[in-house]
Amino acid sequence: MRSTNETTAKDRKETLPQPAAATQPAVSKWQELGISKNDMLEMYYQLVLARTLDERIWLLNRQGKTAFVISCAGQEATQVGFAKALKPGYDVVWPYYRSLALALSMGMTPTEVMLHQLSKAEDPSSGGRQMPAHFGLARLNMVSVSSPVATQLTQATGSGYASKLKGDDKVTYTFVGDGGTSKGDFHEALNFAAIHSLPVVFVVENNGYAISVPISKQMHIANIADRATAYGMPGVVVDGNDLLEVYRVACDATDRARRGDGPTLVEAKTYRYRPHSSSDDDRAYRTKEEVEEWRLKDPIIGFERYLEEHGLITKEGEQAVRNRAKQAVEEAQRYAEAAPNPSPDTIMRYVYAEEGQN
Amino acid sequence: MRSTNETTAKDRKETLPQPAAATQPAVSKWQELGISKNDMLEMYYQLVLARTLDERIWLLNRQGKTAFVISCAGQEATQVGFAKALKPGYDVVWPYYRSLALALSMGMTPTEVMLHQLSKAEDPSSGGRQMPAHFGLARLNMVSVSSPVATQLTQATGSGYASKLKGDDKVTYTFVGDGGTSKGDFHEALNFAAIHSLPVVFVVENNGYAISVPISKQMHIANIADRATAYGMPGVVVDGNDLLEVYRVACDATDRARRGDGPTLVEAKTYRYRPHSSSDDDRAYRTKEEVEEWRLKDPIIGFERYLEEHGLITKEGEQAVRNRAKQAVEEAQRYAEAAPNPSPDTIMRYVYAEEGQN
Amino acid sequence: MPLKTVLEAVREALFEEMRRDENVFVLGEDVGQRGGVFRVTEGLQKEFGEMRVLDTPLAESAIAGVAIGAAVRGMRPVAEFQFADFIHPAVEQIIDEAARFRYRSNNTFSCPVVFRAPYGGGVQGGMYHSQSVEAMFAMWPGLKVVTPSFPYDYKGLLKAAIRDNDPVVFFEHKKTYSLPSVKQEIPAGDYIVPLGKAKVVKEGTNLSVFAYGMMLHQSLQAARAMEQEGISVEVVDLRTLRPLDRETILNSVRKTGRAMIVHEANLFGGFGGEIAAIIAEEAFEWLDAPVRRLAGLDVPGMPFALALEEEFMPNPTKIADGMRQLAAY
Amino acid sequence: MPLKTVLEAVREALFEEMRRDENVFVLGEDVGQRGGVFRVTEGLQKEFGEMRVLDTPLAESAIAGVAIGAAVRGMRPVAEFQFADFIHPAVEQIIDEAARFRYRSNNTFSCPVVFRAPYGGGVQGGMYHSQSVEAMFAMWPGLKVVTPSFPYDYKGLLKAAIRDNDPVVFFEHKKTYSLPSVKQEIPAGDYIVPLGKAKVVKEGTNLSVFAYGMMLHQSLQAARAMEQEGISVEVVDLRTLRPLDRETILNSVRKTGRAMIVHEANLFGGFGGEIAAIIAEEAFEWLDAPVRRLAGLDVPGMPFALALEEEFMPNPTKIADGMRQLAAY
Ligand SMILES: Cc1ncc(C[n+]2csc(CCOP(=O)(O)OP(=O)(O)O)c2C)c(N)n1
Ligand SMILES: Cc1ncc(C[n+]2csc(CCOP(=O)(O)OP(=O)(O)O)c2C)c(N)n1
Ligand SMILES: [Mg+2]
Ligand SMILES: [Mg+2]
């Protein structure tokens, strides 16, 4: 994943035609965006893998094997699109608890996810200390997630400031839900980033709800991206279920940040298929019909169709990808289930640095 | 003051010509706005009174009679304009520490201000418990000011919500500096007020600095009022040194709120002549020339000139107003200086309600 | 009378108070249509409408600030923080504003607001859904802080909090919400349990235990087990942390000569320190043994993995051990 | 060596650390061009430029969050809160984020940040410019909390804080910033005072006093006065509240048999409770008298009027009275 991304990111500026070219019918959008066929298939795999893993985790929850699930189902395209535009391990990512597909496509392995989900000692995100879906992986520069909503935003701004101080050209990305944009942190973070023209991309995954609270009770505006004007930065609305569009927008925002032109606010309109978490019951606040309607716009089915239409995959190819994902998930589960739980002896460790540590 | 205001507010809709009429040369702006000659003179008095009192307080500070001064000099027109548009004792006001002219024109007496400034037992705002300029007067529905910047904003929103629950038609006004708009509270308050279409008028007194930090380091936009679009409410920029313009804008926002059409964000561009407070030295961060330039736009001189040009006052009349203000300030000082200090015995009172109290 | 859970007791108090006084209204994240993530406010919106049972944006500082503003206007807001863990963005509003309105205005303004927050762990909530933050609020004059243990008290104290003329932080231990063993018969109608009064829930002569919330129940369980070992433990349910009922605490220690404090929040800097300090100062002559504190471990949040969560928590076994040692001192 | 004030000591530490390590940078309201409202950061921007001495918008949560984010990236930010009173909007960032990065990530991320905040009263700062909020932070595992008293320690401890690999909240008592009586000779060059070590600043045999900040100086003054009355008071400067130097505290109490704690923050729920509790538990056998706490009054903020401010505050006279009573017990 990483080397693919790096190549793409490096070559993008040269290979990407200017917006005007987008209307040329001879070149398909994926080519226009400079994505190789291999990468198209790899993105498809990431979508499928995330969904497959997610479904397996829900199953484990019903089996009583894991106490808590919070899932990204429905929001995969946004996350895979951004993962493709950034350089994992080089750029810096402040994700949130719904960032499973992002984490996977950045390079977190299904086994690492499972070890975290099952709170095993080897869990690389937290050693079993945090709730599931509180990702973090040092080798990917994917920073440890906490539960308080929106705290990551000013931290991502601080990361952007660090890049400016260091003079590196890393881009910092941070992800937040629509609900998180109501919190003061959103305002303070975007304002600060704009003042200093920091290389930060703020991505709002607008799935229409903060748990049960619909957008109409969260704000009196149509697009969260419109808030960008309040800070003097560009705001972009994108169909979060359209992977290629997300990728295009993500590349633009990345280029802008990398060039030193400052932050961008991206709003990806999408939906979550599952209840807020395994503790939630979404029937209290949304209709089956609404969910069904969005199911028709499933980003994975959409991408599948696109691949088919452009002759990039066959039905058998799809099945092979699904099998590959299923196998990866099964291996991950097998390994993680057999792995040891954290030992109670370790509970007092790492409150502070140990002797001689950073 | 109160009854005058009430009449004006009641009559305004009928007497106010539509914007187009503003270009008619026959009617002067003050008439167009439905202000009586008496009220014009009364507003002038309020401007002068605030400035006179402010200057006296600085003098007392230099004489070692009061430990702390924070002043509204330069911002009087904004405050007097809003005070004229609201109904003191009926509407609800959440001021800030620079709201001296507002407080006075709402009906706080110079003596009440002096008792507060000198931290006397009779201080009606705090009984000497708070720093000077932390106004509050129950009979005027002017709510107790605290020092933490911007905390009043969500509270004013709550007051608007209370009005909606009670079904009254009170308008809530709140005042904050440009610096305060960077804090998360600004975002949370305006968002909340917009969602519920609350009768709240948010007034930003933009004097160009948060202590030493200039606007350019506070935000990456030209007008704070532009932030209104991020919430779906109207935002208006007004020359804060132009009393009649402020009054017009204040009336519009008031009408809108009173009609049930929701909140407005008003940004009054103005300047403070004094250092941030008696503890500050502004030479570290702004030039004498800049201060001098703004001194030329002094809202009091501007209004004086307007009164003269429209034949509403003579030079002698102005002198009489100044004398009246000086006398009021002197009486206030005399009374307050003679008034007793708070007794140490009272220190434990009113931490909680006393038996049988609200 | 039917047995009721803590959750039902809280809900009943809300229903009754909202019926009694139309100035009472409820606001918070997901409290309306969803009836709260714990279902505490279920049914309220149906009876009282969207205005009085208000789903707010995700903005805790605004939840507090809006409630405070409405309270200053004479309303009686009951603001919910979805988890006590997420009260932190509202700290400025609660301690600088709500707690100080009366004092700073020399009694000319007041702020009768209730802040409800489910706290505590043992529910695999992990580092950010298990916190006990009572000490952080109990330290501020101007606030009252309530931590009931039994359904009867939850209802009566919440009613008292809503009618109180000053701001109250009302903590509800989430693990006890639906715990069958904590059910109690409570009257359907109106009654008040006054703020500021602790209660001896089990008399004893050898040592006194002070606790609240889940730890009160676990202490009680341990205390009962001690009977068989011939150790007579008095258990005091503190109920309100501020104002603290010093009299009941000191009377108990002066009787038994031995004191133990149990809480789930971590030990260092926790509320137990205050109680221990009061006892050490004012019951010095009566003490036959050091004042002992038993509490959560000093780590930055309760870990999620079951084995770690259990290690973190005091429990009846650990409490019983503590009791034995203290009695034997 | 010239005598230096607390303020100069802090400033010197900042200059030296910024020269030593280019990852150190300073941010806060008015810290740049203005040099801080107390002039602590004066001259820094001139030497290190606008990027490393950054004037922020008025947004404390962002000040903390930005510092944390930069710290996670390997920088060494020193964030200033203009007054400790205004740290409250940053509570979530400090206790949920900074304090937990290492623990929650099982040691894969860390957050080496320093939060500086001038605290304390006696300067007619009124209810919102006088607060002592140390207890609110000292209660959180994952944080270190430092409250020096003398210029030498201010410099050495701030340097240690900046080099520490975990988050440190560094409180500076604003009344002592320029107090001539507190001046001290301090070396110009590099030295460290390790975090977590208290210091006996005056030996004594009859009773032990534990304090920090302004109250340390006032306790010392009272202790010296006691000599004439034949009461020998040991004074311990706590210097760091978390991690607390239990050993030095307990050694002192075990020697004198009497303990008194003095702080300016209000009594109930203040940090004194923790110290008293530790002494009551671990030095029980050595105590000849109840552990006594002397502190600010339990009102919601220090009032502004001089007469009220004086009434609020402990002072050498009140402390001396307390010493006499305790010695006579
Ligand atoms: C500060 C804070 N308040 C409340 C919560 C409880 N909570 C967790 S997720 C959530 C809703 C978040 O909605 P949104 O930001 O839209 O993200 P989504 O889950 O829809 O992706 C809430 C209220 C929290 N975690 N943090
Ligand atoms: C939350 C908070 N942070 C910092 C301060 C210290 N402080 C007091 S006034 C001020 C600047 C306010 O500037 P602005 O809002 O523009 O108002 P102005 O004084 O210019 O009218 C600051 C930083 C404070 N009082 N509250
Ligand atoms: Mg959402
Ligand atoms: Mg300003």
Side-chain angles (χ1 to χ4, degrees), chain A residues 148-155 157 160-161 164 176 178-198 200 202 204 210 213-235 237 256 260-265 267, chain B residues 148-155 157 160-161 164 176 178-198 200 202 204 210 213-235 237 256 260-265 267:
Chain A
V149 165
T151 49
Q152 70 273 29
L153 301 177
T154 50
Q155 293 172 22
T157 296
Y161 198 75
K164 212 168 162 183
V176 69
D178 46 287
T181 69
S182 301
K183 203 156 159 259
D185 307 64
F186 176 83
H187 180 67
E188 297 191 6
L190 270 73
N191 190 43
F192 200 115
I195 293 168
H196 297 284
S197 229
L198 301 180
V200 184
F202 296 95
V204 179
V213 182
I215 289 290
S216 62
K217 287 184 181 161
Q218 293 183 50
M219 62 197 74
H220 191 55
I221 51 171
N223 298 310
I224 295 170
D226 295 348
R227 294 197 157 152
T229 58
Y231 308 105
M233 69 169 78
V237 178
R256 196 178 127 76
D261 289 348
T264 303
L265 172 63
E267 176 188 8
Chain B
V149 164
T151 49
Q152 70 271 33
L153 301 176
T154 52
Q155 294 171 22
T157 297
Y161 197 76
K164 213 170 161 179
V176 70
D178 46 288
T181 69
S182 300
K183 202 154 160 260
D185 306 63
F186 176 84
H187 179 67
E188 297 190 6
L190 270 73
N191 190 43
F192 201 115
I195 293 167
H196 296 284
S197 231
L198 301 180
V200 184
F202 296 95
V204 179
V213 183
I215 290 290
S216 62
K217 287 184 181 164
Q218 293 184 48
M219 62 197 72
H220 191 55
I221 52 171
N223 298 311
I224 294 170
D226 294 348
R227 293 198 159 149
T229 57
Y231 308 106
M233 70 169 77
V237 177
R256 196 177 126 74
D261 288 349
T264 302
L265 172 63
E267 175 189 7

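Sequence lines set the chain letters: A, B, ... in the order given, protein chains first and strands last, and positions in each chain run from 1.
- Proximity to chain B is absent for every atom of A/F192, based on heavy atoms less than 4.5 angstrom apart.
- A/S216 touches chain B through its backbone: at least one of N, CA, C or O sits under 4.5 Å from a heavy atom, while the side chain does not.
- For the pair B/E188 (side chain) and A/G184 (backbone), a donor-acceptor distance under 3.5 Å is present.
- Contact of the A/T181 side chain with the A/M219 side chain is registered, since non-hydrogen atoms from C-beta on lie closer than 4.5 Å.
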Next item on the list: For side chain to side chain contact (heavy atoms under 4.5 Å, CB included), just list the numbers for B/Y161 and B/V200, CA-CA rounded to whole Å, side-chain angles, deciding distance to a tenth of an Å, and then say yes or no.
Entry: CA-CA 9 Å; B/Y161 197 76; B/V200 184; over 6 Å; no
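- Residue A/K183 touches chain B through both its backbone and its side chain, counting heavy-atom pairs closer than 4.5 Å.
- When heavy atoms are compared at a cutoff of 4.5 Å, A/T154 does not approach chain B at all.
- A/I221 is listed as a side-chain neighbour of A/R227, based on a closest heavy-atom distance under 4.5 Å.
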